[in-house]
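Working notes, structure below.
Computed from a predicted model, the values in this text were never measured in an experiment. We count ligands from 1, going down the list as the structure has it; atoms in each ligand are counted the same way.
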Amino acid sequence: MKYKAYYRPQSVPETVELLASLEGPVVLFAGGTDILIYAREDDRYADSSIVNIFGLPELQGITLLDDEIRIGAGVTHTEIEQSPIIQKYAKVLADACRTIGSLQIRDHATIAGNICNASPAADSLAALAILDAKIEYLHEGKPCELPLVDLIAKPYKTVLTDRDLVTCIRIRRLPEGTQTVFYKLGRRKALAISRMTIALLAHRAADGTVDDFNITVGATFPKPYTFPEINGILLGKKPDPARIAEIAQAISAKIPEIAGIRKSTTFKQPVCRNMTARLLNELFTEA
Ligand SMILES: Cc1cc2nc3c(=O)[nH]c(=O)nc-3n(C[C@H](O)[C@H](O)[C@H](O)COP(=O)(O)OP(=O)(O)OC[C@H]3O[C@@H](n4cnc5c(N)ncnc54)[C@H](O)[C@@H]3O)c2cc1C
């Protein structure tokens, strides 16, 4: 990998100071599992200063807050997958991270790297979107925050500058009894780039009405989206086959609406409609 200079700061304050002092393009290097693939393709980092932030102590840890969970930017997919906090209060994210790459990749690749690389096929994004993820970052040393859906602008592009350091991600802490599903469709079972993901969460009140519902589709749109109007089809109502079919139809109709009609649309639209209906039917029948 060709680069101009390489730095390994030991803390976030040291990183902020370093970033302010550097001239020219900067690349924040976490697990490196995306960056090293790009570096193999060409010399795009030849003029860049590489700042290795992997393992910075302030970017570690998963903490349970009152209504939220705080995940350090440098937490790996393996740590998320194995976290008792995530498994109990945001299982959909553990299930999503478990599908990423191989064990070796998950041991090293970080959640902020998955977000900031902004690949439309990134597997954590649909789960993070339905958990209302908010991204905290330092811009010129000042704390800022954006919802995930606003942080990612388009494929492989966030609104962050090359010197903005993501410090943590906050997600909803789901109430007990919330059911979640993460489904990944790839060309094979392991080490597969997603063709489509579906993430959903649902909670039912004692009388059977749905009082919390959020569903989205990943690896399908240019960036993560949530659909409050589609969630509204079930909210406050009892799930039945007609409402489930309506949701499946509505979410699959978003594919041409948002992504335009492409070669893959004829494949993705029916898969999305049928899988959504199947997952919701299974979920509500099991419950
Ligand atoms: C063999 C292989 C299989 C893979 N399989 C999958 C898969 O199944 N699903 C999937 O979603 N991904 C997959 N990936 C992609 C990759 O592993 C993930 O996107 C990973 O989460 C990236 O994290 P990282 O820490 O390695 O990021 P890096 O490569 O270090 O960085 C990626 C980008 O994020 C930026 N960045 C990282 N941390 C921060 C921060 N704290 N603040 C600001 N910017 C930051 C970097 O500057 C860079 O632009 C795979 C990769 C490989 C090589």
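- In this structure, atom 5 (N) of ligand 1 is in close contact with the protein, since a protein heavy atom lies within 4.0 Å of it.
- The closest heavy-atom contact to atom 12 (N) of ligand 1, among the options Asp123, Leu138, Asn114, comes from Asn114.
- By heavy-atom distance, the residue among Leu28, Val166, Thr197 lying nearest atom 41 (N) of ligand 1 is Val166.
- Across Asn117, Asp34, Val27, heavy-atom proximity to atom 19 (O) of ligand 1 is greatest for Asp34.
- Considering only non-hydrogen atoms, atom 40 (C) of ligand 1 lies nearest to Ile53 out of Ile193, Thr76, Ile53.
- Proximity of Arg40 to ligand 1, defined as any heavy-atom pair under 4.0 Å, is not found for any part of the residue.
- Residue contacts with ligand 1, taken as heavy atom pairs separated by less than 4.0 Å, do not involve Ser119 at all.
- Contacts between Leu36 and ligand 1 below 4.0 angstrom, taking non-hydrogen atoms only, are absent altogether.
- Inside a 4.0 Å radius of atom 14 (N) of ligand 1 there is not any protein heavy atom.
- The proximity of Ile37 to ligand 1, defined as any non-hydrogen pair under 4.0 Å, is limited to the side chain.
- Contacts of Ile35 with ligand 1, taken as heavy-atom pairs under 4.0 Å, involve both backbone and side chain.
- Contact annotation for Asp164 and ligand 1: only backbone heavy atoms (N, CA, C, O) come within less than 4.0 Å of the ligand.
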